[in-house]
Amino acid sequence: MTDQELARDLGFLEAYTIGLGTMIGAGIFVLPSIAAEQAGPASMISFFAGGLVSLLAAISLSELATGMPKAGGSYYYVNRALGPFFGSIVGWGMWAGLTFASAFYMIGFGQYLLPGLGQYIGFLAGWGEIGITVAALVMAALLTGVNYYGVKETGALQNVIVLTLVGLIVAFLGLGVLSGPTIGTFLPPEGWPAVAATIGTVYVTFIGFEVIATSAEEIKNPSRNLPLAMIAAVVTPTLMYVGVMFVSTGTLSIEALADSPIPVADVATEIMGPIGALAMIVGAVLATISSANASILSAARVNFAMGRDKILINWLNEVHDRFRTPYRAISATGIITLLLIAIGVGIGTLAEVASFMYLVTYALVHIAVIVLRRADPDAYDPSFRIPSVLYPIVPILGFIACLAILLQMSLLVQAIGGVIVVFGIFWYFVYARNRALSQSLVGEAIAPEPTTVADGQGRYRVVVPVANPETERDLLRMAAASAHAHDSGTAEVVAVNIIEVPQQTSLEQDLTFEEARVQRQQELLDSARDIADDLDVGLRTRAIVGRNAGSAILDVIEEEDADHVLLGWQGKRSRREHVLGSTIDPVIGRASCDATLVKLGPEDGRATGDIMVLAGEGPHAPVAARRAREFAEAADEETTLTLFNVQEPSEDDDGLSPQERGEALIEEFVERTGLEEAQYQSRIEVAEDIEGAILDAATGYDTICVGATRTGAVSQAVFGSLPETIGEQTDQTVVMARGPEESAMSIRQAIVRRLES
C-alpha cells in the first residue's frame, strides 16, 4: 500500500497572495469610517496594535503549521495540543468567525456597489439600505455557488485582484501624502480605552494569514516560505492600514468620515478627483468579493478538519460526485452568511464578532505552541521553530494581548461571542465527547522525546507518470530500458500517479471521501510494482493528491533529482488545452532533466522492431538517438536502428550533392551521439517536400524517434511543428525527446525562484 502524498503546489508568492487577498479586503475600504468614529486619528494606533498582535500569532502559527501541516489550521493545532474540548470551541468559533466575516465583506460590497457606483451609474443609485442588503445577498449566493461547483479560475482571478488592489492602495497613499493631510486632535474624547476597544473592531482585517496556515500542507519549502508568507501577509497590510487612516483622517473631518458608507472613495475624491474615486470603488468591489470567496473556502476546510476528528458529523463534509467539492459544508457556510445579512446584523457588529472569535482562537494557539513544545510528540516536528531568543516570550505575550483586547470589546459582542463559545462547549458534551479522536497533550507537556531524521541515496532516476493501465507496462518498459542503459545495478524508476483536486476541496479531504479514485490509484501502482519485477528494475511508487498534475510532476522531478522523465501522450491536439495537453506542456517545457514524450502505436511495435531516428542538426536530435539505442539494446527480439535524413535536391555552395550532404551530416551526427557503426543503418532521401518524405518513410518503421526542433514558451509548442505533425499523423509509436531545459530564465522566473529557494 502506497501512502498518498499531498502535492506542494504553493510557493512563497502564492501563499503570500492567499493571505494578502483576504487581508486587503473590505477592511481597508469599509473600516476607516467605523474606526474613525470610535477613535479618530488615533485609530492608526489601533490598526498598528492589531498588526503587532497578529504578528505574534503568525509566528506561533508558523511553527505549528510546519510541525503539523494539516487542513484546518488553528483548529487542528488546538485540538491536537489541548484536546477536543478546546477543539470544539475553536472549530465552531473559527467557522462562525469566517461566516460573520463573509457577511461583513458582502455588506461592504453592497455599500460600494450601490451608493458608490451609483454616483456614476444612475441605475445603481437610490436603492438605500434594502438595495445594499439585496446586493450583498445576491453576491453571497453567487460566491457560494462558485465554490459549490468548484470553478478553478477563482484562484487565478484572486491573484489578479490582489495585484490590482495593491497598486490602487499604493497610488492612494502616494497621492494622499503628497496632498498634505493635516491631523487635528489626535486622541478621541474617551482617550486610550477607545483606542484599545477599536483594536477589537478592526482585528477582522488581520485574520487572512490564518488562510495560509490552513494551506500549510500545500506549501513548498514550508520552513522558509510559510513563516515568511505569514509575516509578510501581516506586515504589508498593517503598514497600508496605518497609511490609509493617516491620509483619511487628515483629508476629511472625523464627522464626514464616520458618516460615509464609502470612506476611501470619498477621500479619493478629495485627493484624486472623480476618476480616482471610481478606481477605489471598483477596487473595493473586487476586494470584498475576493475576501468573501477566501473566507467561504476556508470555512469549508475547517468543517472538514472537525469531521475528520469526529467533532462534527462527517455527513457535512461529503464530496460531490461530479464537482468533487465539499458541497454541503460550502452550502451551510453560504446559508448562515445569507441569514446574517438578511436579518440585518450591523456591519460593525459583524466585524467585531469575527474579530472576537479569532482572538479567542489565537489565544489558545499560543498555549498550544507551549504545550506541543513541552510534550514534543512524534507527530510534531516543525521545520520552523520560534527562535530561542523569542521563546516563550512570543506565545506568552501573544496570549496576554489577545485577552486584553477581548476584555475591551463591547458587551454585545462579548455576549454574541460568549454564546458561540458556550455552543462549542455544549456541542462537545452532547455530541463530540464520546466520538472525538484527539486527546489532550497537556499531561505530556513535561516529557519531551527526541525525533529522528532519515536520508536517501543518490542514483540515476527515471520518473514515469502513469495513469492508464493499458499503456502502463510499455511506458515502464521504456523507462526501464533507459535506466538499465545507465546503471542497471542502482538505477531506479519512480512511478507517479496524481489525483487532481479542485481548489475548493482540501487535499486530505479528497483522500477521505474519494475512496474509489484512491483505490484505482493504488491498483495502478501495485500493478507497476509487478511490472517492475518482470523487467528486473528497481521501482518506487508515489501516490500524490494535488491541485495540478503538471506542477506535481515537476516537484517530483526536483525532489528526486531525476535524470529523465518519460510521459505518455495521446498524439492528438486539444482545442481547449495546450498543444500537447495541460499536464504535459509544463513538464516538457520546464523539466530540468531529459524529457521524453511517447505516443504508443500498435502493441507489436512499441520501441521495438524497426526504429527510425530523424538525424539532424538540432540540439536535441542526439537525445532522440540515445533513446532509440536504449530501446534497441533492451529489446528481446531483433531490432534495427536507422538514422534517417532528408535533403533538398539542389547542390550547396560547396558543390556537394544532396547525397553527400546527407552522408556528412549523419557522420557528424554519429559523433555527437556516440553510436558505433554496428549499431545503426543510415538512410538518405532527396525530396522537395521534406515533411512529406518523412511521413511517407515513417510508415515503414515501427517506432520513430525525433528530437525537439526548437525551445521556447510552451504555448509555442516546445517540440516544434514537425515532431508534433509526426505524432499526430502517423499510427506508429512516436518518441519525442529533448535534453535538460537550459533556456535562460526570464526576470519573473528568476525572482520567483529566488523567493522560493
Check whether any side-chain heavy atom of Leu476 lies under 4.5 Å from a side-chain heavy atom of Leu539, and answer yes or no. yes

Contact check, side chains of Val462 and Thr596, non-hydrogen atoms, under 4.5 Å: no

Without swapping roles, check the side chain of Arg373 against the backbone of Ala368 for a donor-acceptor pair under 3.5 Å. no

Do side-chain atoms of Ser527 reach the backbone of Glu523 as a donor and acceptor pair under 3.5 angstrom? no

For the atom pair CH2 (Trp95) and CG (Leu312), what is the distance rounded to the nearest 0.5 Å? 9.0 Å

Qualifying residue, where the test is side chain to side chain contact (heavy atoms under 4.5 Å, CB included) with Met478 and the options are Val598, Val464, Val493: Val598

Quick one, Asn303 and Thr333 - any side-chain contact, counting heavy atoms below 4.5 Å? yes

Is the shortest side-chain heavy-atom distance between Arg627 and His564 below 4.5 Å? yes

Rounded to the nearest 0.5 angstrom, the CD1-CD1 distance for Ile544 and Ile553 is 8.5 Å

List the atom of Cys705, the atom of Ala628, and the distance in Å for their closest heavy-atom pair. SG-CB, 3.8 Å

Is the shortest side-chain heavy-atom distance between Trp569 and Met736 below 4.5 Å? yes

Sequence-distant partners of Ala467, side-chain contact (heavy atoms from CB on, under 4.5 Å), two or more places apart: Asn497

Here the pair of heavy atoms bringing Gly546 nearest to Ile498 is N-CG2, 4.4 Å

With distance as the sole test, does Thr66 use its side chain to make a donor-acceptor pair with the main-chain N or O of Pro382 at under 3.5 Å? no

Do the side chain of Glu472 and the main chain of Val466 share a donor and acceptor less than 3.5 angstrom apart? no

For the atom pair CG (Leu143) and CD1 (Ile330), what is the distance rounded to the nearest 0.5 Å? 11.5 Å

Please lay out, stage by stage, how Tyr16 and Thr236 fare under the test side chain to side chain donor-acceptor pair (under 3.5 Å). CA-CA 10 Å; Tyr16 171 55; Thr236 303; 2.8 Å; yes

Is the shortest distance from a Lys or Arg side-chain nitrogen in Lys220 or Glu558 to a carboxylate oxygen in the other one below 4.0 Å? no

Output yes when a side-chain donor or acceptor of Ser295 lies under 3.5 Å from a complementary backbone atom of Leu98, and no otherwise. no

Return yes if some donor-acceptor pair links the side-chain N/O of Glu630 with the main-chain N/O of Ala481 below 3.5 Å, else return no. no

Do Ile296 and Thr144 come within less than 4.5 Å of each other through their side chains, counting heavy atoms only? yes

Just by distance, do the side chain of His484 and the backbone of Glu633 share a donor-acceptor pair under 3.5 Å? no

Residue set satisfying ring pair (Phe, Tyr, Trp, His ring centres under 6.0 Å) with Phe631, at least two apart, ordered chain then number -> none

Side chains of Glu63 and Leu372: does their closest heavy-atom pair fall under 4.5 Å? no

Given the rule in the side chain to side chain contact (heavy atoms under 4.5 Å, CB included) test, do Val565 and Val556 qualify, once you have shown the distances and angles that lead to the verdict? CA-CA 10 Å; Val565 58; Val556 170; over 6 Å; no

Hey, does Asp534 have a side-chain heavy atom less than 4.5 Å from the side chain of Arg473? yes

What's the shortest heavy-atom distance between Ile311 and Gly87, and which atoms? CD1-C, 4.2 Å

Can you tell me how far CG of Leu475 sits from CD1 of Ile531, rounded to the nearest 0.5 angstrom? 9.5 Å

As an exercise, state the distance from CG of Asp563 to CG of Asp594, rounded to the nearest 0.5 Å. 8.0 Å

Compare every heavy atom of Leu525 with every heavy atom of Ala543, then report the nearest pair and how far apart it is. CB-CD1, 3.6 Å

Nearest 0.5 Å, please: how far is CD1 in Ile726 from CD1 in Ile704? 7.5 Å

What closest approach, in Å, do Pro227 and Ser62 show between heavy atoms, and which atom pair accounts for it? CA-OG, 3.3 Å

